[in-house]
Each structure stands twice: as structure tokens, then as C-alpha cells.
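Right, one structure below, let's go through it.
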Amino acid sequence: MPLVTTTEMFKKAYTGGYAIGAFNVNNMEIVQGITEAAREVNAPLILQVSKGARAYANHTYLVKLVEAAVIECPNIPIALHLDHGPDFETCKSCIDGGFTSVMIDASSKPFEENIEITKQVVAYAHDHGVVVEAELGTLAGIEDDVQVSAEDSSYTRPEEVQEFVEKTGCDSLAIAIGTSHGAYKFKPGTKPQLRFDVLEEVEKRLPNFPIVLHGSSSVPQEFVEMINANGGNMPGAIGVPEDQLRKAASMAVCKINIDSDLRLAMTGTVRQFFAQHPDKFDPREYLKPARSAIKEMVKHKLINVLGCDGKA
Ligand code: G3H
Ligand code: 13P
Ligand code: ZN
């Protein structure tokens, strides 16, 4: 089947009490690892591309890699999504260039300005059959070249969501409930806890509306340890506990964004390979186990965390 939008995926995920995995792609091995996992467990999928990914790999290469995955996985629905679109022009370029979904992230702007920018993107996207994710609230961590400190981050204010969605016409909404981007989400020694009270309040005010969670890597300690045991230095890397993501997926959260876990799986595996094989220099030899590690990790997420296996 051709690339799809997220509309049907989200409807089914909402009523089915599961979430769709949205995984960031930057190169061929990452695309292959993710899509082979989804194909094996028959899961719908969102492949997403950031501004940084477009700068690194080039828009056309990424679209063509995703189109190749669509050909290789004819039985699973796949959406191609722009992650953290910074402005109208970037969203337009992706809409014109074959994406089926875009995010406009004007969450750092004042409320009214966020509404105006989002509305403009929604008008253009809907005219072209593309859906739009918007964001209210600010996550801590690094996105592209923007670093938001924990002090400057803020939870979504539930009293704002209804007006925002009504005025913008967006198709899904990313909210801030304590997740953050990157591999250092919580201070070591503290208990990671998402604000389910905020999610519940949002859910009440926006019945049947798909909610998105960014910053949802769980930072598997096996990969952190693999990195640290093989020349890396990532002390105190901590993610979102998987049982809390599972709970969010059973609620209004229909899309869960995962990027850092892919990076950790790839980096850990490559570091271990070089430590064990200092004489090797063929990229296929070290990228092959990295791709397999991504595949296994994604399979685990699809089945045990998102609950979307068998839902394609
Ligand atoms: O939320 C950000 C994603 O992890 C993408 O990261 O901007 O480094 O590609 P990136
Ligand atoms: P992580 O850094 O937790 O993987 O978050 C990814 C993300 O939100 C992409 O938009
Ligand atoms: Zn994000």
C-alpha cells in the first residue's frame, strides 16, 4: 500500500488502547531495522524525519529510503512525518515533497502566536491531504540545535487545549507531561514519574482526540552499559520507565516518539564491535549488528510497550 496519513492509525489506536511508534530515521540501516521489526510483528508505523535529519541525509534520500521500505513492507501502513517542523516553510517543503504528516512546533512561542502559525500550516496541509501535529507545553532537552533547560520547560496547561485545537484545526496534539528529549531525562536518584493527572485532564477536555508524547525513549540500561564498557562515557543516562509509557498508550496517547533508544542501540553495538574487532574496517560488518540491535529493540517496543503488534 502507498504511504498513509495517521488518521486511521490514530482512530484504531485510540479505541484499541495502544499507541503507534514514531521512530526517527537518519540513514538506511535505521530505516531497515525499524521496518523489518514492524513487518515481522505486523505493526503500523510512523517514520519521522527531523530538520537535522534532512540537513544530514538530504530530503530526497530520506523520502526514497522510506519509499523503499513501503515496497518491502506492502502489508503494513506506514506514515512519513516531519518531526518538530520549525516554521511554515519547512512544513510546506515536506508537504510538497511527499510527506503524509507534519508537525509544526511553535510551542516555544506565546499561545496566540502558536495558534496563528499552526493554523497557517493546517490550512496548507489539509488542502494537500496531509495531517498536522501541533504542540502545547515545552519539553526539556535538545531538539535539533535548540536546548531547553529543565527550568524553562513547562507542563501543558489542560485549560488551554480545547481552545487551541478548536482554533487551529490540528489533527493531533503533543503535550508535555514530564518526558524530555535525549538520554538524560531524570536526575539519578530521583523517581521518574510522568504527570498522568495532566494527561487525564487533557483527555477529559478533548474526548477521542489523539495525543502525542515526545521524548519517550526509555534509555535501555543494557545499551548504556554497553557504551560505557566499550570506551563511552554516559553516566546517569535515564529514560522513561516502560510501564509508564504502556499506561500512557492505554489512555489517549496514540503516538509515542522514540529516537534516543535507536541511537543508543546503534552506538552501543558499534562500540562493542570495534572493541572486539579492532582490525575490522568494513562498514557493513559493524552496521549489520547495529541494524539487528535496532530491529530487536523496536520489536520489543512494538509488542511490550506500545501494544501495536498485530494491528496493521
Ligand atoms: O526530538 C528530536 C529528535 O530526537 C530528533 O533529533 O534533531 O537531532 O535529529 P535531531
Ligand atoms: P527521545 O529523545 O526520548 O528519543 O525523543 C524523541 C522525540 O521526541 C523525537 O521527536
Ligand atoms: Zn520530539
Side-chain angles (χ1 to χ4, degrees), residues 6 19-27 30-31 33-34 45-59 61-62 65-66 79-87 90-91 94 99 101-108 132-148 150 153 156 172-186 192 194 211-221 223-224 234 236-242 244-245 248-249 253-268 294 297-298 300-302 305-306:
T6 53
I20 312 294
F23 299 94
N24 287 69
V25 297
N26 288 279
N27 65 21
I30 296 174
V31 171
I34 297 163
L45 200 56
I46 299 169
L47 295 176
Q48 55 187 16
V49 166
S50 68
K51 175 183 158 201
R54 289 175 92 226
Y56 170 75
N58 167 306
H59 175 96
Y61 277 92
L62 290 167
L65 283 173
V66 171
L80 173 55
H81 174 77
L82 168 66
D83 189 28
H84 294 287
D87 48 40
T90 309
C91 292
C94 289
F99 284 45
S101 173
V102 292
M103 175 189 193
I104 172 68
D105 182 359
S107 60
S108 61
V132 179
E133 173 186 328
E135 179 167 335
L136 261 186
T138 323
L139 271 70
I142 308 167
E143 266 162 38
D144 278 320
D145 33 18
V146 184
Q147 161 90 53
V148 180
S153 67
T156 302
S172 61
L173 183 68
I175 62 168
I177 59 167
T179 62
S180 59
H181 292 108
Y184 302 89
K185 299 185 189 298
F186 299 96
L194 299 185
I211 299 302
V212 177
L213 278 194
H214 281 249
S216 297
S217 278
S218 54
V219 186
Q221 292 303 297
F223 294 127
V224 175
M234 297 187 68
I238 297 172
V240 183
E242 289 187 338
Q244 293 188 33
L245 294 169
V253 171
C254 294
K255 173 175 181 270
I256 289 191
N257 285 11
I258 296 172
D259 185 6
S260 297
D261 287 353
L262 302 166
R263 299 176 182 198
L264 291 164
M266 186 160 233
T267 302
I294 286 177
M297 189 271 291
V298 170
H300 160 72
K301 297 277 177 193
L302 297 172
V305 181
L306 302 152

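Whatever order the structure lists them in is the order used to number ligands and atoms, beginning at 1. Predicted model, so just to flag it, every value in this text is computed and none were measured.
Remark: ligand 2 atoms within the under-4.0 Å shell around heavy atoms of Ile258 are 4 (O). Taking a cut-off of under 4.0 Å to the non-hydrogen atoms of Ser50, the atoms of ligand 1 that pass are 5 (C), 7 (O), 9 (O), 10 (P). Taking every non-hydrogen atom of His84 and a distance limit under 4.0 Å, the qualifying atoms of ligand 2 come out as 10 (O). Here is the list of ligand 2 atoms found below 4.0 Å of a heavy atom in Asp259: 4 (O), 6 (C). Atoms of ligand 1 lying under 4.0 Å from at least one heavy atom of Arg263, given by number and element, are 5 (C), 6 (O), 8 (O), 9 (O), 10 (P). If you number the atoms of ligand 2 from 1 as listed, the ones under 4.0 Å from a heavy atom of Asn24 come out as 9 (C). Below 4.0 Å from some heavy atom of Asn24 lie the following atoms of ligand 1, by number and element: 3 (C), 5 (C). Below 4.0 Å from some heavy atom of Ser260 lie the following atoms of ligand 2, by number and element: 1 (P), 2 (O), 4 (O). Here is the list of ligand 2 atoms found below 4.0 Å of a heavy atom in Ser216: 3 (O), 5 (O).
Side-chain contact between Val305 and His300: present, with at least one pair of heavy atoms (C-beta onward) separated by less than 4.5 Å. Contact check for Lys301 versus Glu242: side-chain heavy atoms found under the 4.5 Å cut-off. Between Ile238 and Val224 there is no side-chain heavy-atom pair separated by less than 4.5 Å. In this structure, Asp261 and Pro220 have side chains that are in contact, with non-hydrogen atoms separated by less than 4.5 Å. Counting heavy atoms from C-beta on, the side chains of Asn24 and Asp83 come closer than 4.5 Å. Using a 4.5 Å heavy-atom threshold, the side chains of Lys255 and Met103 count as separate. The shortest side-chain heavy-atom distance between Val49 and Phe99 falls under the 4.5 Å cut-off. Here the side chains of Thr6 and Glu133 are not in contact, with every heavy-atom distance at 4.5 Å or above.
Between His214 and ligand 2, an N or O atom pair is found at a separation short of 3.5 Å. Residue Asp259 has at least one N or O atom closer than 3.5 Å to an N or O atom of ligand 1. Checked by distance only, ligand 2 and Gly182 come closer than 3.5 Å through their nitrogen or oxygen atoms. By the 3.5 Å distance cut-off applied to N or O atoms, His181 is counted among the residues near ligand 1.
Counting heavy atoms closer than 4.0 Å to ligand 1, residue His84 contributes side-chain atoms (C-beta onward) but none from N, CA, C or O. Contact annotation for Asp83 and ligand 2: only side-chain heavy atoms (C-beta onward) come within less than 4.0 Å of the ligand. If you look at Val240 next to ligand 2, there are no close heavy atoms at all, none under 4.0 Å. Of the heavy atoms in Asn257, none comes closer than 4.0 Å to ligand 1. The proximity of Ala22 to ligand 2, defined as any non-hydrogen pair under 4.0 Å, does not occur for either the backbone or the side chain.
Rounded to 10 degrees, the ND1-metal-NE2 angle spanning His214 and His84 at the Zn ion (ligand 3) equals 90°.
In terms of heavy-atom proximity, Val31 sits nearest to Leu65 at CG1-O, 3.9 Å. Between Ser217 and Ile258, the closest heavy-atom pair is OG-CG2, 3.7 Å. Heavy-atom minimum distance, Ser216 versus Thr179: OG-CG2, 4.2 Å. Across Leu139 and Ser180, no two heavy atoms sit closer than the pair CD2-CA, 4.1 Å.
Of the inter-residue distances, the one linking Met297 atom CE with Ser218 atom OG reads 8.0 Å to the nearest 0.5 angstrom.
Taking the N/O/S atoms of His181 in turn, the shortest distance to the Zn ion (ligand 3) belongs to NE2.
Closest heavy-atom approach to atom 3 (O) of ligand 2 among the candidates Met103, His181, Lys185: Lys185.
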